[in-house]
Amino acid sequence: MKVLKFGGTSVGTAESLTNVKQIVNACSGQVIVVVSALGGVTNQLLAMADLAEKQDAAWEQVLAEVKARHMSVIEAVVPAERQAQCKAVVEGFITEGLYSYYGMLHANQQLPAEYRDQLRDAIVSHGEIMSSAIVSSMIDGAVPHYAPNFIKTKDVDCERILDNRTFELITSEFGGRLEQVHVTQGFIAEDSTTGQKTNLGRGGSDFTAALIAAALDAESLEIWTDVDGFMTADPRTNPDATVIPQMTYAQAQAMCEAGAKVIYTPTLGPVAVKHIPVWVKNTFNPSAPGTVILDPK
Ligand code: ASP
Ligand code: MG
């Protein structure tokens, strides 16, 4: 079994989603697909919350654009027989979820800060909830899973950390399932005590995928992104930059800590412990070999 994570640019357009479908369908064994929100949507969800808090009704226009984008992606990638249902589901998240959450922020200037933060966490989870609804409807036979049921956080000394019960919850969610393709959300989680929506931090979808891979002893974790792999230098400033074909967990970790944006820094820990190889691959250039991260020889 493999875990494949697709980032925001990979699920950002109808064209890129078509690549995602091909990549998933080309896998022979069981796959768990972890998705980010459509590229840019997480930022828009937060920007709309800022507007609503300032009682600026411009959020309604942005929300209409976000809705239109999701609907046109559904029309382009979801097979005709599942389109109406997928549209109704996504529309429900927008009108019953997002619209009412923004409305609450807009109408109640006196909301306590803690409650506002909870609303923002609930709001931002919708990016992945909507993208995963699209991806699971797009792939024949895909089984949808709701990540907050098994990715749990807790607050310790005012810091949000992973609740280690996550590992056994992942095992009971996916263990013994025979279907070939499973789809779930990256990034989003739930507080194990309060049941409130939480998340693993910006860029956290990679970490979700690593937790699933580690809990299930996956044969590999594949991080599908929009670059060919880890590069020797920043290609925007250094035209001689080349892809690093192979790295150790420690080397990749050091590059993440030094600011490489390819994967979210906490990702490597859980997979390194289990010696699970991590591939960084390009959704827009799937035949490129990518970078593999492994134990030292
Ligand atoms: N959608 C979230 C973000 O933009 C999580 C992720 O993409 O990994 O930060
Ligand atoms: Mg990322």
Side-chain angles (χ1 to χ4, degrees), residues 3-13 16-17 19-20 23 32-50 62 66 69-70 73 90 93-94 97-98 117 120-136 145-148 151 153 160 162 166 183-190 197-213 221-231 234-236 252-253 255-271 278-284 290-291 293:
V3 179
L4 273 59
K5 180 262 171 174
F6 293 94
T9 46
S10 298
V11 296
T13 64
S16 63
L17 279 162
N19 291 2
V20 168
I23 291 162
I32 298 176
V33 176
V34 176
V35 294
S36 288
L38 270 59
V41 165
T42 304
N43 286 344
Q44 284 179 305
L45 291 171
L46 293 170
M48 284 184 270
D50 293 340
V62 185
V66 167
R69 178 172 171 203
H70 283 79
V73 164
V90 170
F93 292 133
I94 290 172
L98 289 171
D117 289 346
R120 291 176 81 95
D121 281 342
I123 284 169
V124 79
S125 71
H126 281 68
E128 274 72 11
I129 289 175
M130 295 191 292
S131 65
S132 63
I134 296 176
V135 172
S136 59
H145 295 260
Y146 183 56
I151 305 287
T153 62
R160 187 175 282 170
L162 186 77
T166 293
V183 176
T184 194
Q185 306 85 19
F187 177 61
I188 69 174
E190 191 175 276
K197 288 293 156 305
T198 60
N199 60 66
L200 302 177
R202 294 302 306 271
S205 292
D206 297 338
F207 190 40
T208 305
L211 293 170
I212 296 173
L221 166 63
E222 297 181 0
I223 305 282
W224 286 87
T225 179
D226 54 6
V227 291
D228 280 342
F230 270 90
M231 311 287 284
D234 185 340
R236 285 166 304 185
Q253 183 70 28
M255 281 189 75
C256 291
E257 281 162 17
K261 294 275 181 295
V262 189
I263 48 179
Y264 182 55
T265 309
T267 303
L268 291 168
V271 276
V278 181
W279 289 89
V280 178
K281 298 270 294 175
N282 190 350
T283 303
F284 302 87
T291 297
I293 305 163

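These numbers come from a predicted model, not from an experiment. Atoms within each ligand, like the ligands themselves, are counted from 1 in listed order.
- With atom 8 (O) of ligand 1 as the reference point, the heavy atom nearest to it among S131, A209, S205, G39 is part of S205.
- Scanning all heavy atoms of the two residues, the minimum distance from T283 to N19 falls at O-ND2, 3.0 Å.
- Ranking protein heavy atoms by distance to atom 1 (N) of ligand 1, first place goes to E128 OE2, 2.6 Å.
- In this structure, the side chains of M48 and V66 come closer than 4.5 Å at one or more pairs of heavy atoms.
- Looking at ligand 1, you'll find an N or O of T42 within less than 3.5 Å of one of its N or O atoms.
- Side chains of D121 and R160 form a contact here, defined as non-hydrogen atoms less than 4.5 Å apart.
- Within ligand 1, the atoms closer than 4.0 Å to a non-hydrogen atom of R202 are 3 (C), 4 (O), 9 (O), numbered from 1 in the order shown.
- Residues I23 and K281 form no side-chain contact, since every pair of their non-hydrogen atoms from C-beta on lies 4.5 Å or further apart.
- The closest approach between a heavy atom of G8 and any atom of ligand 1 is not below 4.0 Å.
- Distances between N or O atoms of G203 and those of ligand 1 include at least one value under 3.5 Å.
- With a 4.5 Å cut-off on side-chain heavy atoms, H145 and V34 do not count as touching.
- F6 has its side chain out of reach of L17: every pair of non-hydrogen atoms, C-beta onward, lies at least 4.5 Å apart.
- Close N/O approach between S36 and ligand 1 is found [any backbone or side-chain N/O within under 3.5 Å].
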